Amino acid sequence: MARVYFHVDLNAFFASAEVLLNPSLAGKPMAVAGHTRRSVVSTASYEARKYGVSSGMSIQEAIRLCPDLIIQEGHYHYYEELSSQFIAIVSLYSARVEQASIDECYVDMTETIRRYERPLDLAWELQQRIRRETGLQCSIGIGPNLFLAKMASDMKKPMGITVLRIRDVPSIMWPLPIKDMRGIGKKTLPYMEELNIHTIGDLANYPDLNRLKPVFGKNTEEILERARGIDHSEMLMEYEARSMGISETLLEDVTDYDEIKGVFRSLARTLSQRLKTANRAGTKVSIRICYYDLHNADRSRSLREPVFRSDDLFVQAMQLFDENWEEGDAVRLLGITVSDFVEDSFVLHQLSLFDEQQERRAETGEVIADLNHSLGAKAFVRASALMEKRK
């Protein structure tokens, strides 16, 4: 039996959460954003979207389009609580759940769906349960692979349920504008126009692979396969993961470098604690940058020594970020991942080298910021020794 994947996407999540906190906002054009001149729209209600207000738009432009727009400061901790409830409900239907971000997840429903006489009943039941228990609306895409499930969930919002099978790709997906294809960002669009590629079907059937390679590089064949409805990527659950990562969707799109550094510092500390708890250390560090237009930049680096301490992770992440950030572009999500794990005993052995007081000093010492890209356990030993001399 072919796999059956659901992609469950909460509709206008931040805006919907604000309505739950303040029901008087229901039915009104509203955007979640900061109040500064540099702020951009994080999420707009569907009422605001009718005026053309969209994510990533400056507040000034949003108000020009919709003079009655209500600007609502976000409540991020509340969003996290709702997100946890959402994932808990989905997990009741399948143990194989991959949370893609704060407001979306993939679910392998291959076994669960066998219990339903009509397969769409499962999607309807899940959708209604999420709404009943959290107050949130969601769209569900169903497909034989992760890519088609994701594409399907975007086709009907809010509260849509869409099935997209490979045989449906030519009639349903190919006519869509190329900008609607997952993986095609705003910086790729001009190249698509130059190549006369206007729809997903144009890309799927493009005759000259050599002209696409300068645009997509080593990902050319993978992008083409997805345009044809083929996706070989697999879900990765925490308990079977060969990597461990953490990400944060920001309260508003951020361009300030110091604020970005603060987010990476916080992510590094949390991820370090999770790695220690799991007795994990890895020799590969990756970051994810998701820009305001939802296109992603994933970058990684292999190291000579395993890392798991927060300052190791922070320095590596910032170096990758500095090398790859499209300066000035607003950032919506940041993430750090560690992979290529070594033996579990490594972390236990390294932790025994430091008592808790020394480790706290190492994590807060400014000397760490000067360490080079090959940071590892030895670097921390040297750092601790240097700080002891400074006392």
Side-chain angles (χ1 to χ4, degrees), residues 7-83 85-86 89 100-105 123-124 126-141 150-162 176-177 179-180 182 186 249-255 290-295 330-333:
H7 181 262
V8 189
D9 189 3
L10 298 177
N11 301 143
F13 176 45
F14 290 177
S16 298
E18 292 300 327
V19 171
L20 292 177
L21 287 174
N22 182 2
S24 69
L25 295 172
K28 297 178 180 179
M30 180 261 293
V32 177
H35 286 281
T36 68
R37 291 176 59 84
R38 296 168 56 191
S39 296
V40 295
V41 173
S42 180
T43 302
S45 66
Y46 285 100
E47 292 77 12
R49 295 181 191 189
K50 293 177 182 177
Y51 291 87
V53 179
S54 61
S55 298
M57 180 178 290
S58 69
I59 291 298
Q60 294 97 320
E61 177 66 10
I63 293 174
R64 185 187 68 79
L65 292 172
C66 181
D68 295 327
L69 184 68
I70 300 171
I71 306 299
Q72 184 69 32
E73 292 257 5
H75 296 82
Y76 192 77
H77 291 298
Y78 179 58
Y79 304 157
E80 288 183 323
E81 291 175 8
L82 283 176
S83 177
Q85 294 176 35
F86 158 59
I89 293 170
S101 68
I102 195 170
D103 61 352
E104 61 179 321
C105 68
W124 185 86
L126 175 59
Q127 186 183 66
Q128 295 302 315
R129 184 167 185 172
I130 290 171
R131 186 171 191 178
R132 183 174 63 252
E133 297 186 18
T134 69
L136 298 169
Q137 296 182 333
C138 71
S139 293
I140 299 177
K150 169 65 175 173
M151 290 295 298
S153 71
D154 287 335
M155 291 179 177
K156 294 179 185 176
K157 291 185 176 183
M159 293 293 283
I161 297 175
T162 305
L176 296 176
K179 67 179 179 62
D180 290 351
R182 185 187 177 207
K186 67 170 186 176
T249 303
L250 307 179
L251 186 58
E252 63 179 52
D253 295 339
V254 173
T255 58
C290 180
Y291 292 98
Y292 69 92
D293 62 355
L294 301 185
H295 86 274
V331 173
R332 169 170 293 192
L333 175 145

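Just so it is clear, the model here is predicted, and its values are computed rather than measured.
Closest approach of A44 and A12 over heavy atoms only: O-CB, 3.9 Å. Across every non-hydrogen atom of K156 and I161, the tightest pair is NZ-O, 3.9 Å. The two residues S139 and N11 come nearest to each other via the heavy atoms OG-ND2, 3.1 Å. Looking at every heavy atom in both residues, C105 comes nearest to F86 through SG-CZ, 3.7 Å. Here the closest heavy-atom approach between residue I130 and residue C138 is recorded as CD1-SG, 4.0 Å. Nearest heavy-atom pair across L65 and V53 is CD1-N, 4.3 Å.
For Y46, the OH atom is densely surrounded, since the number of other residues' heavy atoms within 6.0 Å is greater than 12.
A donor-acceptor contact shorter than 3.5 Å is absent between the side chain of S153 and the backbone of I140.
The OG atom of S24 sits 7.5 Å away from atom CD1 of I70, with the distance rounded to the nearest 0.5 Å. Taking CZ of R182 as the reference point, atom NE2 of H7 lies at 7.0 Å (rounded to 0.5 Å). Here the CD-OG distance, from E104 to S83, works out to 10.0 Å after rounding to the nearest 0.5 Å. Rounding to the nearest 0.5 angstrom, the gap separating the CD atom in Q128 from the CE atom in M159 is 4.5 Å. If you take CG on L82 and CG on L136, they are separated by 5.0 Å, rounding to the nearest 0.5 Å. Note that CG of D154 and CG of L176 are 10.0 Å apart. Values are rounded to the nearest 0.5 Å.
Within the structure, salt bridge (charged side-chain N to carboxylate O under 4.0 Å, His left out) pairs that include any residue of residues 128-140 comprise R129-E133 (at least two apart or interchain). For the salt bridge (charged side-chain N to carboxylate O under 4.0 Å, His left out) condition, the pairs that include at least one residue of residues 50-71, sequence neighbours left out, are E61-R64.
By the 4.5 Å heavy-atom criterion applied to side chains, L69 and I59 are not counted as neighbours.
For the pairing with F13, the side chain to side chain contact (heavy atoms under 4.5 Å, CB included) check across I102, V32, T43 returns one residue only, I102.
Ion pair K157/D9 flagged as a salt bridge, since at least one NZ, NE, NH1 or NH2 atom sits closer than 4.0 Å to an Asp/Glu carboxylate oxygen.
Qualifying side-chain contact (heavy atoms from CB on, under 4.5 Å) partners for S45, counting only residues two or more places apart in sequence or in other chains: A15, M30, E47, A48.
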